[in-house]
Amino acid sequence: MQSNELKAGILRMEGTNNEEEAFLSLRRSGFESEYVHVSEIGKKKFEDYDLLFIPGGFSAGDYVRAGAIFASRLAPHINELNKFVDSGKILIGVCNGFQVLSELGMIPDTGTERKRTMVLGTNDSDRFECRYTYIKYTSKNKIFRRHFEGKILQVPVAHMEGKVIFDSKKTLDSVIENDQMIFQYTDINGTDSSYPWNPNGSVMDIAGLTNREGNVIGLMPHPERVYYGFQMMNDGNKHKNGTGEVFFNSLYEYTKKLGA
């Protein structure tokens with residue numbers, strides 16, 4: 001393990017259930033991990049962290065819609081969150097966390113103001129999809145490019161509402177133009193993105209998005225669940241490192257350079 005000189009805050013509330021995996025994955029890659037319950041925000045300040053992570057789960061039981069209540073709990077602190085993002089630091093949401101970022105309008109954030117321009121709708125299969133699939137890196141994002149470019153990596157998914165739907169073609173066009181589509185679903189050969197490889201029916205097989213600046217990241221797959229190679233299945237076991245190790249090491253390396 002590398003020295004814990006950078007601090008990562010894992011935001012949580014009632015119903016999140018992937019915070020431990022995120023905590024451990026961030027720590028294994030070099031961060032000093034710390035839980036931040038939404039009720040502690042204020043006592044614990046965003047500015048004291050080098051990275052913020054919103055984990056998966058079923059925050060507030062996903063009542064109203066997935067991520068909506070968690071987002072409403074963060075909304076009173078939106079100015080501090082915006083300041084954190086505008087400083088260049090990484091804010092990342094996985095699965096339910098992606099839904100929260102969408103609700104807050106922080107992804108895809110294609111316009112001049114942060115407003116909600118997409119939803120993560122019900123999967124085309126109309127059921128909870130829980131399995132392994134693959135993603136390919138489809139961006140020039142400076143956080144992940146060194147370790148992900150040209151690779152197809154196995155990841156687990158577990159969600160009912162993961163279908164990326166934009167409010168207009170204009171938003172989709174802006175996402176493409178701004179290089180915000182960071183990961184796409186595919187098969188192990190990178191040639192097939194039909195169901196079940198794309199588990200939800202997202203437009204253009206989108207598995208992950210960023211804001212325009214590339215430091216707010218939302219993705220439906222769970223890299224924190226496959227930090228080690230032995231946690232991966234079948235062909236995934238051929239990789240020396242788990243997808244999670246590659247993913248979280250990328251976050252650590254970028255954050256370290258940012259603070260240098």
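- Side-chain atoms of M220 and Q99, non-hydrogen and from C-beta on, do get closer than 4.5 Å to each other.
- Summarising the geometry, atom OG belonging to S39 is positioned 7.5 Å from atom CD belonging to E14; distances are rounded to the nearest 0.5 Å.
- Tested against K163 for a side chain to side chain donor-acceptor pair (under 3.5 Å), the candidates D124, N200, N123, N198 yield a single pass: D124.
- H222 places no side-chain N or O within 3.5 Å of a backbone atom of E224 that could act as its donor or acceptor partner.
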key: Step-by-step ring-ring contact (aromatic ring centres under 6.0 Å, His included) determination, F31 to Y252   = CA-CA 7 Å; F31 288 96; Y252 181 84; 5.4 Å; yes
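- When all heavy atoms of N215 and G88 are compared, the pair lying nearest together is ND2-C, 3.5 Å.
- By the rule that hydrophobic residues join a cluster once side-chain heavy atoms approach within less than 4.5 Å of another member, F98 and V119 end up as members of separate clusters.
- Of all heavy-atom pairs spanning I92 and L251, the tightest one is CD1-CD1, 4.3 Å.
- Nearest heavy-atom pair, Q231 versus Y228, reported as atom, atom and distance to 0.1 Å: OE1-N, 2.8 Å.
- Remark: E80 does not engage K45 in a salt bridge, criterion side-chain N to carboxylate O under 4.0 Å.
- Cation-pi check for R131 over Y195 is met; the charged atom lies under 6.0 angstrom from the ring centroid and within 45 degrees of its normal.
- To the nearest 0.5 Å, the span separating OG on S193 from CD on Q184 amounts to 7.5 Å.
- Judged by distance alone, the side chain of E103 and the main-chain N or O of S72 form no donor-acceptor pair under 3.5 Å.
- Residues Y185 and I165 do not share a hydrophobic cluster, defined by chaining ILVMFWY side chains whose heavy atoms lie under 4.5 Å apart.
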task = Check the pair V226 / Y132 against side chain to side chain contact (heavy atoms under 4.5 Å, CB included), numbers first and verdict last.
result = CA-CA 10 Å; V226 285; Y132 283 75; 3.8 Å; yes
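- Using a distance-only test at 3.5 Å, with no hydrogens or angles considered, no donor-acceptor pair links the side chain of S202 to the main chain of D205.
- The shortest non-hydrogen separation linking T186 to T133 is O-OG1, 3.7 Å.
- By the 4.5 Å heavy-atom criterion applied to side chains, Y254 and I90 are counted as neighbours.
- No donor-acceptor distance shorter than 3.5 angstrom exists from the side chain of E161 to the backbone of G121, with no hydrogens or angles considered.
- No donor-acceptor distance shorter than 3.5 angstrom exists from the side chain of D173 to the backbone of E177, with no hydrogens or angles considered.
- Distance alone, capped at 3.5 Å, is enough to place a donor-acceptor pair between the N141 side chain and the I143 backbone.
- A 4.5 Å side-chain heavy-atom check between L26 and F53 finds at least one atom pair inside the cut-off.
- Residues P108 and F166 form a side-chain contact, since some pair of their non-hydrogen atoms from C-beta on lies under 4.5 Å apart.
- The residue from T16, N18, D62 that alone fulfils the side chain to side chain donor-acceptor pair (under 3.5 Å) condition with N96 is D62.
- Heavy atoms from other residues, nucleotides or ligands lying under 6.0 Å from NZ of K44 number more than 12.
- Residue-environment remark: CZ (R116) exceeds the threshold of 12 foreign heavy atoms within 6.0 Å.
- Of the possible polar contacts, none joining the R12 side chain to the V36 backbone as a donor-acceptor pair under 3.5 Å is found.
- Using cut-offs of 30° and 60° for the angle between ring planes, the F247 and F144 rings count as parallel.
- In this structure the side chain of R145 never reaches within 4.5 angstrom of the side chain of S250, judged on heavy atoms.
- The structure places NE2 of H37 at 12.0 Å from NZ of K43, a figure rounded to the nearest 0.5 Å.
- Side-chain N or O atoms of K151 include one that pairs as donor or acceptor with a backbone N or O of H147 at under 3.5 Å.
- Here the straight-line distance linking atom NZ of K136 with atom CG of D187 works out to 8.5 Å at 0.5 Å rounding.
- Taking CD1 of I182 as the start and CD1 of I107 as the end, the distance is 9.5 Å to the nearest 0.5 Å.
- Clustering of Ile, Leu, Val, Met, Phe, Trp and Tyr by side-chain heavy atoms under 4.5 Å joins F58 with F128, M160.
- Judged by distance alone, with hydrogens and angles left aside, the side-chain atoms of T243 form no donor-acceptor pair with the main-chain N or O of L153 at under 3.5 Å.
- A tilted orientation is assigned to the rings of F148 and Y137, their planes being inclined by 30° to 60°.
- With sequence neighbours excluded, no residue satisfies side chain to side chain donor-acceptor pair (under 3.5 Å) with T117.
- Nearest heavy-atom pair across M181 and L209 is CA-CD2, 3.9 Å.
- Using a cutoff of 4.0 Å between basic side-chain nitrogens and carboxylate oxygens, K140 and E149 are not scored as salt-bridged.
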request  = Could you go through the side chain to side chain donor-acceptor pair (under 3.5 Å) check for T255 and D50 one step at a time?
outcome  = CA-CA 7 Å; T255 304; D50 299 289; over 6 Å; no
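- With sequence neighbours left out, the side chain to side chain contact (heavy atoms under 4.5 Å, CB included) criterion links V38 to M13, I41, F70, R73, L74.
- A cation-pi arrangement is absent between R28 and F248 under the rule of less than 6.0 angstrom and at most 45 degrees off the ring axis.
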task = Would you please test Y227 and E245 for side chain to side chain donor-acceptor pair (under 3.5 Å) and show each step?
result = CA-CA 5 Å; Y227 192 90; E245 184 176 358; 4.7 Å; no
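- Using modelled atom types, one side-chain atom of S87 and one backbone atom of F84 make a donor-acceptor pair closer than 3.5 Å.
- Within the 4.5 Å cutoff, side-chain heavy atoms of I78 are placed close to those of M106.
- Side-chain contact check for S174 and T171: no donor-acceptor pair (N or O, by modelled atom type) lies under 3.5 Å.
- For the 3.5 Å distance criterion, the side chains of S194 and D192 qualify, holding a donor opposite an acceptor.
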task = Before giving the answer on side chain to side chain donor-acceptor pair (under 3.5 Å), spell out for E129 and S125 the whole-Å C-alpha distance, their side-chain angles and the decisive distance to 0.1 Å.
result = CA-CA 8 Å; E129 297 286 347; S125 63; 2.4 Å; yes
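- In this structure, CG in N82 is found 9.5 Å from CG in L91, a value given to the nearest 0.5 Å.
- Residues P55 and I10 have side chains in contact (heavy-atom distance under 4.5 Å, counting atoms from C-beta outward).
- Taking every heavy atom of both residues into account, I135 and A207 meet most closely at CG2-CB, 3.9 Å.
- Using a 4.5 Å heavy-atom cutoff, the side chains of E32 and E5 are not in contact.
- With Y49 as the fixed residue, the side chain to side chain donor-acceptor pair (under 3.5 Å) test singles out one of E34, K7, K89: E34.
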